[in-house]
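Here the structure is laid out as structure tokens; the discussion comes afterwards.
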There are 2 protein chains.
Amino acid sequence: MEKRRLDCVGLPPGWKREEVVRKSGLSAGKTDVYYISPDGKKIRSKPQLARQLGEQFDLSAFDFRSGRINHSQLRKRMRHDSSLVLPIRQTASIFKQPVTVIHRQESKTKSELKHGPQDPPKQLFWEKRLQGIQACDSQEEVIKALDLPRNVQGVGPELTTENILQSISAALHISSSPVVGQGNNRATVAKNPGVNIDVYQPHIQQVIVSEDDIRRQEVKVIEARRKLQDAIKGIM
Amino acid sequence: MEKRRLDCVGLPPGWKREEVVRKSGLSAGKTDVYYISPDGKKIRSKPQLARQLGEQFDLSAFDFRSGRINHSQLRKRMRHDSSLVLPIRQTASIFKQPVTVIHRQESKTKSELKHGPQDPPKQLFWEKRLQGIQACDSQEEVIKALDLPRNVQGVGPELTTENILQSISAALHISSSPVVGQGNNRATVAKNPGVNIDVYQPHIQQVIVSEDDIRRQEVKVIEARRKLQDAIKGIM
DNA sequence: CGGAGTGGGCTT
DNA sequence: AAGCCCACTCCG
């Protein structure tokens, strides 16, 4: 029998993946997938793989059948919990990676908490968990990240451009109220993020938009619309 | 595991029904129902059962989960179509049974039919399809049919007490106008049911209600109310 | 490869 | 939201 044994992207080095096609019976034509551990042991299911690898590995996003990290799985989970669930960095491999958990300062007493429906506490800087995850198009080409305009400035500890973009995207996606940035300035926030950060706003300073900015944007939009019209005329 | 495999009332002999409770996972506690065909094949859904049994069986009123003929299904259909749908006898099994179809005499021409919204033709004596179906209480004890008062007399061919009761029940249930019985007498109807029967009325002669009848009924009601009051006092 | 047992899309 | 179906997983 011809078998394809290949190193597997989502797994530690040394692991091989194998596909076997069923040749007869009711399930003829279906394939069974299994994995060969570095020491030659045959693994036939995801639970078995998890047992073999141990606690250090997070297989929640690993698709056993395809052998890849399943991004649609990730999206499914996110829908249920907009602030994500676990303080575990989301990556494109199954290695669990340490992440600093920053607890929000709890100023409320228990009796105060009893009144009204309680929102779960929002983690500060949770967008950092998205670090290293990149969008790609249908051909799996990674889409280049945007550059930030000069007047958009991060507020918070060690924020990369990537972090800031993710923070803004998340705010636009999740929030139903205006996205305006942090009211407090950088120095204040640095002193005590737990108190001085507005968790409902992205980690950027408030951006001053001048009349000139608005006018320039209007010109751009009109320009873009004209180009689109021309393009459509060219097609029809 | 302990399984209850039982012969199933609504199905041909030899079929067994089985209930399995889900023990783990997100759906723990839910039950799955399946059926074992006489040759041991496991059937897991109603469409699959229909495929297995073939055209000879009418599962429209069969409730897969409970394994019974579903009378509430029947009622649901009646709401949409007060004269029922198919010229198939409704029984307590899923076997399709032959039934004599009586077409209503069509005196209208096609051009006449074009005007206004058309009611579907009402079948005469369709209540006969209900023959053999009996009400039962929650302990599955069959509820004894009522006796008819002497002044309630059937009008129509070969009507049993059962037919008449069903006809009256159906009229009370379906009709929004007064239920008064047939205007024409028995002899006239017997001559030509298609013409002389009022399909919107039950198959009974009009009942003469005298002043005396009314007075007797009033006494009965007052008596019943007093007894109910006494019973309630006894409880509280 | 079969089949019990569960997940999850789709319908009501 | 609840339930029905189906397809899949995982282990014998």
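Note on naming: letters A, B, ... go to the chains in the order of the sequence lines (proteins, then strands), and numbering restarts at 1 for each one.
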Using only modelled atom types and a 3.5 angstrom limit, is any donor from either the side chain of B:R44 or the base of C:dG3 paired with an acceptor on the other? no

Given atom OH of B:Y34 and atom C1' of D:dC6, what is their separation to the nearest angstrom? 16 Å

OP1 or OP2 of C:dG5 versus the side-chain N and O atoms of B:S24: is any pair under 4.0 Å? no

Under 4.0 Å from OP1 or OP2 of C:dA4: is there any side-chain N or O of B:K42 that close? yes

Salt bridge check: are A:K16 and A:E18 linked by an N-O gap of less than 4.0 Å? no

Between B:F62 and B:F57, is the ring centre distance below 6.0 Å? no

Decide, yes or no, whether a salt bridge links B:D32 with B:R22 under the criterion of side-chain N to carboxylate O below 4.0 Å. yes

Distance in angstrom units between B:E19 CD and D:dG3 P, rounded: 14 Å

Whole-Å distance between D:dT9 P and A:F62 CZ? 13 Å

Between C1' on C:dG5 and CD1 on B:I43, what's the gap in Å once rounded to a whole number? 17 Å

Can you check the A:K46 NZ to C:dT6 P distance for me, whole Å? 18 Å

Hey, is the side chain of A:S45 poking within less than 4.0 Å of OP1 or OP2 on D:dC11, counting only N and O atoms? yes

Of all the choices, D:dC4, D:dC11, C:dG5, which nucleotide is nearest to the side chain of B:V20 once you look at every atom? C:dG5

Rounded to whole angstroms, how far apart are CG on B:D32 and P on D:dC4? 10 Å

Side chain of B:R22 - closest among C:dG7, C:dA4, D:dC11: C:dG7

With a 4.5 Å cut-off on side-chain heavy atoms, are B:I36 and B:K41 touching? no

Check the distance between D:dC4's C1' and B:Q48's CD and give it to me in whole angstrom. 13 Å

Can a side chain N or O of B:S27 be found less than 4.0 Å away from OP1 or OP2 on C:dG7? yes

Picking from D:dG3, D:dC6, D:dC11, the nucleotide nearest the side-chain atoms of B:K30 would be D:dG3

Counting heavy atoms from C-beta on, name the nucleotide in D:dC5, D:dC10, C:dT6 closest to the side chain of A:P47. D:dC10

Per side chain to side chain donor-acceptor pair (under 3.5 Å), B:Y34 is matched among B:R17, B:R44, B:K42, B:E19 by B:K42

Between D:dA2 and B:R65, is there an OP1 or OP2 to side-chain N/O distance shorter than 4.0 Å? no

Give the rounded distance in Å between these two atoms: NZ of B:K41 and P of C:dA4. 13 Å

